[in-house]
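Take a look at the structure set out below.
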Amino acid sequence: QVQLVESGGGLVQAGGSLRLSCAASGTIFNLNNMGWYRQAPGKQRELVAAITRGGSTNYADSVKGRFTISRDSAKNTVYLQMNSLKPEDTAVYYCNAQIAIIPYWGQGTQVTVSS
């Protein structure tokens with residue numbers, strides 16, 4: 001059984017910063033890509049950032065230059081540093097991890113950016 005536990009969401013003013021964390025626990029073999037997705041009310045879930053086991057990263061155009069994804073492989077943990085937050089970044093953020101060929105999801109953490 002694998003669990004992804006997210007933390008770090010909250011309410012912040014525009015221009016502020018937040019750091020999300022997601023720790024994978026359980027029986028983990030071949031932890032491959034990890035990433036963050038978000039879903040705003042009335043919108044589809046979208047990729048925010050992803051990182052491979054080798055450290056290669058990929059970002060949505062809307063967050064490039066503001067968000068940074070990183071991972072600690074020893075801790076099976078992925079982070080998302082979010083700077084210069086905008087109201088349009090408001091969403092539920094979900095952690096995703098690919099273990100072998102199976103995708104796992106966290107429960108989601110709310111990020112609200114006030115103007």
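Index from 1, following the sequence.
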Any side-chain heavy-atom pair of [X] and [Y] under 4.5 Å:
X	Y	result
Q3	Y104	no
N33	I51	no
N30	R53	yes
R45	N96	no

Which ring-ring contact (aromatic ring centres under 6.0 Å, His included) pairs, counting each pair once, include a residue from residues 54-79, with sequence neighbours left out? none
What residues form a side-chain contact (heavy atoms from CB on, under 4.5 Å) with S7, not counting sequence neighbours? S21
Show which residues join Y94 in its hydrophobic cluster (side-chain heavy-atom contacts under 4.5 Å, direct or indirect), or state none. Y37, L47, V92, W105
Hey, could you give me each pair passing disulfide (SG to SG under 2.5 Å) that has a residue in [range]? Not counting sequence neighbours.
range	answer
residues 53-115	C22-C95
residues 28-69	none
residues 30-91	none

Heavy-atom pair of closest approach, residues [X] and [Y]:
X	Y	value
P103	I101	CD-O, 3.7 Å
G8	L18	O-CD2, 3.9 Å
T90	A40	O-CB, 3.7 Å

Side-chain donor/acceptor pairs under 3.5 Å, residues 81-89, sequence neighbours excluded:
from : atom 1 : to  : atom 2 : distance (Å)
Q81  : NE2    : N83 : OD1    : 2.9
N83  : OD1    : S17 : OG     : 2.9
D89  : OD1    : R38 : NH1    : 2.9
D89  : OD1    : R66 : NH2    : 3.0
D89  : OD2    : R66 : NH1    : 2.7
D89  : OD2    : R66 : NH2    : 3.4
D89  : OD2    : K86 : N      : 2.8

Would you please name every residue forming a side-chain hydrogen bond (donor to acceptor under 3.5 Å, both in side chains) with D61, sequence neighbours left out? K64
Hey, could you give me the CD/OG1 distance between Q98 and T52, rounded to the nearest 0.5 Å? 11.0 Å
Quick check for you: to the nearest 0.5 Å, what is the distance between I28 atom CD1 and N76 atom CG? 4.0 Å
Do V2 and F29 belong to the same hydrophobic cluster, where Ile, Leu, Val, Met, Phe, Trp and Tyr are linked whenever their side-chain heavy atoms lie under 4.5 Å apart, directly or via other members? no
Atom pairs and distances, donor-acceptor, side-chain atoms in residues 106-114, under 3.5 Å, two or more places apart:
from : atom 1 : to   : atom 2 : distance (Å)
T109 : OG1    : G9   : N      : 3.4
Q110 : NE2    : A91  : O      : 3.4
Q110 : NE2    : T112 : OG1    : 3.3

According to the salt bridge (Lys or Arg N to Asp or Glu O under 4.0 Å) rule, which pairs have a member within residues 13-33, sequence neighbours left out? none
Is the backbone N or O of I99 less than 3.5 Å from a side-chain atom of N32, with the two atoms forming a donor-acceptor pair by type? no
Using atom types as modelled and distance alone, determine if a side-chain donor or acceptor of T77 lies under 3.5 Å from a backbone N or O of K75. yes
